[in-house]
Amino acid sequence: MNNRLKKLRNLLVEKDCDACLITGRANTLYFSGFTGTTSFLLVGADKAWLVVDFRYTIQAKKQVYDGIEVIEINESFYSSLNEIIKQSSIKIVGFEGPALTVSEYTRIKDKITGIKKLKNLEDSINRIRIIKDSQEIEQIQQAVLLGDKIFEHIVKFIKPGMKEVEVAAELEYTMKKLGAKGPSFESIIAAGPRSAMCHGTATENILKNGDAVVLDFGVIYHNYCSDMTRTIFIGEPNKELKKIYDIVMKAQEAALEGIVSGMSGFDADKIARDIIASNGYKDAFGHSLGHGVGIEIHEEPRLSAKSEDILEDGMVFSVEPGIYVEGLGGVRIEDMVVLVDGKIRNFTTSPKDIIII
Ligand SMILES: [Mn+2]
């Protein structure tokens, strides 16, 4: 874990900061091991402090990695931070822009008088998490495996006439029963024409004959997220839905085969996008091919028509092409993968042959 703090300290040098203040939950967990919901993690050149209130002192002391001192606040977070900063002659402090509210920023400026300059490090702290270490890869694989088990169960559970919310409830109940903390995002269960809505979270809509049903869900297991999508059918699908299913599967298989380390997120996305476009559905694939997954469900890298990320070994991301036709329905197939030795290793093992219930 010291390696993580080392990377952060290299960033401090690069950004001319004496310390950085971590307030986001994902980065706090990544760099300190602390899972509570309120804290300030201050990392300096050779010391690091996790500032918590009374509720979390015992937990924080148990969880933090070596080299991090747990400080319980006396008066307020700001006065405690101010004391630390004054005592350690920290002057320039970087912060994670995406994880600090305007109110917090204003309070830090007003109350932590020891800070001479605050620097917005934007998403550069998040980007340290872009390459997963072997322990993370192992944990992510376990999370994906749990997702596969849940999918296997839910396929047997689904019957025509059920509501989408019943399917979602069974999914989420099963997750927790199997040890997950809960869903990594609100489960998407979208049947019939609703399946054309990429983020159609479950409603009281009833699963009917001929419906495509998009099941997009994930778990949080041992602090790591999984994400998967399969599209199944209630009764025999019509010709166009079947055709769409084949195109999406081909696009995904081509991407899984073709994505290599060194490739840009743009080029990776293009592999699937070109196949969908050449089959006449150019405008029906309106989202990106994939996103990084880790402590957060959506993180770096991005595989999209706008991405400038370069894909590298150790990156974990989703590959999820889709086609959506208003009035008819949609199909998406999503796996989670890691780049190893230049190529894709697929974590997801759920079947992709058409499933008809
Ligand atoms: Mn996804």
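The model shown is predicted, which means the values in this text are computed figures rather than measured ones. Whatever order the structure lists them in is the order used to number ligands and atoms, beginning at 1.
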Would you confirm whether Q63, through its side chain, and T35, through its main-chain N or O, come within 3.5 Å as a donor-acceptor pair? yes
Give every donor-acceptor pair under 3.5 Å between a side-chain atom in residues 168-183 and any protein atom, sequence neighbours left out.
from	atom 1	to	atom 2	distance (Å)
E170	OE2	H153	NE2	2.6
E172	OE2	S187	OG	2.7
T174	OG1	E170	O	2.5

Residue pair T229 / E320, side-chain donor-acceptor N/O under 3.5 Å: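 No, no side-chain donor-acceptor pair sits under 3.5 Å.
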Side-chain donor/acceptor pairs under 3.5 Å, residues 91-101, sequence neighbours excluded:
from	atom 1	to	atom 2	distance (Å)
E96	OE1	N27	ND2	2.6
E96	OE2	T23	N	3.0
E96	OE2	G24	N	2.6
T101	OG1	E104	N	3.0
T101	OG1	E104	OE1	3.4

Only protein N/O/S atoms count here: give how many lie under 2.8 Å from the Mn ion (ligand 1).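 Step by step: take the Mn ion (ligand 1), keep protein N, O, S below 2.8 Å, and you get 4.
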How would you list, by chain and number, every residue that makes a side-chain contact (heavy atoms from CB on, under 4.5 Å) with E152, sequence neighbours excluded? K156
My understanding is that only one of I137, V293, L145 makes a side-chain contact (heavy atoms from CB on, under 4.5 Å) with F347; could you say which?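 Exactly one pass, corresponding to I137.
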